Amino acid sequence: MKSTTGTDFFKSVYDVVARIPYGRVTTYGAIAEHLGMKSSARMVGWALNADRYNLNMPYHRVVNRNGELSGSRYFPQPGMMRQLLESEGVTFVGDAVDIKKFIWIP
DNA sequence: CGGGTGACTTTAC
DNA sequence: CGTAAAGCCACCC
């Protein structure tokens, strides 16, 4: 859990994720780059993993650079992530979203 | 301070 | 398309 020391790294991630518009997706790299750590996209997903149980945010709109739903396996139910995205009008190409069309950069 | 870990990314074979 | 390896940074013990 985030200590009161205020790492705020997570907070930054949550802030960006919460800003993802409806029907759009973003990538870990894009968020990391926005935070100034483009070389460490891992931290983004890792940050979500830390609070996915406590926070209510559209983290299903966060996908990897290839548009694949790498995080879907960490969702409560398999296929839920894709279902949510399709529900928002996001189209898929195979097992990945049409990242080129729905990519959103903060 | 050091080692292990990870929802990533890129390059290479 | 598959696996492998390296780079990367924050967090935990």
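The analysis underlying the following values was restricted to heavy atoms, covering all of them including side chains, and did not include hydrogens, waters or symmetry mates. Note that the coordinates shown come from a computational prediction; the quantities given were computed from them, not determined experimentally. Below, chain A is the first sequence line, B the second, and so on; all start at residue 1.
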Taking [atom1] from [X] and [atom2] from [N], how many angstroms apart are they, rounded to a whole number?
| X | N | atom1 | atom2 | answer |
| --- | --- | --- | --- | --- |
| A:Asn49 | C:dA10 | CG | C1' | 13 Å |
| A:Ile31 | C:dC9 | CD1 | P | 18 Å |
| A:Trp46 | B:dG4 | CH2 | C1' | 12 Å |
| A:Phe9 | C:dC12 | CZ | P | 12 Å |

Does any residue of residues 90-102 of chain A have a heavy atom under 4.0 Å from DNA chain B, and if so, which ones, in number order?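 Correct list: empty, so none.
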Partners of A:Thr27 by side chain to side chain donor-acceptor pair (under 3.5 Å), sequence neighbours excluded?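 So A:Thr27 forms no side chain to side chain donor-acceptor pair (under 3.5 Å) with any residue.
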Under the rule for side chain to side chain donor-acceptor pair (under 3.5 Å), what residues qualify as partners of A:Asn49, not counting sequence neighbours?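 For A:Asn49, the residues satisfying side chain to side chain donor-acceptor pair (under 3.5 Å) (neighbours in sequence not counted) are A:Arg52.
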Short heteroatom pairs, N/O only, protein and nucleotides 9-13 of chain B, under 3.5 Å:
residue	atom	partner	partner atom	Å
B:dT9	OP1	A:Arg65	N	2.8
B:dT9	OP2	A:Arg65	N	2.8

Non-neighbouring partners of A:Tyr59 that pass ring pair (Phe, Tyr, Trp, His ring centres under 6.0 Å), sequence neighbours left out: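 Result, ring pair (Phe, Tyr, Trp, His ring centres under 6.0 Å) vs A:Tyr59: A:Phe75.
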Does A:Ser12 have any side chain to side chain contact (heavy atoms under 4.5 Å, CB included) partners at least two apart in sequence or in another chain, and if so, which?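 So A:Ser12 forms a side chain to side chain contact (heavy atoms under 4.5 Å, CB included) with A:Leu35.
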Side-chain heavy atoms nearer than 4.5 Å, only ILVMFWY residues, links allowed to pass through others: does that put A:Val93 and A:Leu85 together?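 Cluster IDs for A:Val93 and A:Leu85 differ.
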For residues 76-106 of chain A, which residue pairs pass the ring pair (Phe, Tyr, Trp, His ring centres under 6.0 Å) check, not counting sequence neighbours?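 Not a single pair qualifies under ring pair (Phe, Tyr, Trp, His ring centres under 6.0 Å).
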Quick one: which residue pairs count as a salt bridge (charged side-chain N to carboxylate O under 4.0 Å, His left out) with a foot in residues 17-35 of chain A, not counting sequence neighbours?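 Residue pairs passing salt bridge (charged side-chain N to carboxylate O under 4.0 Å, His left out), neighbours aside: A:Asp15-A:Arg19.
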Applying side-chain hydrogen bond (donor to acceptor under 3.5 Å, both in side chains), which residue pairs with at least one partner in residues 75-96 of chain A are found, sequence neighbours left out?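 Listed by first then second residue: A:His60-A:Glu88, A:Arg61-A:Glu88, A:Arg82-A:Glu86.
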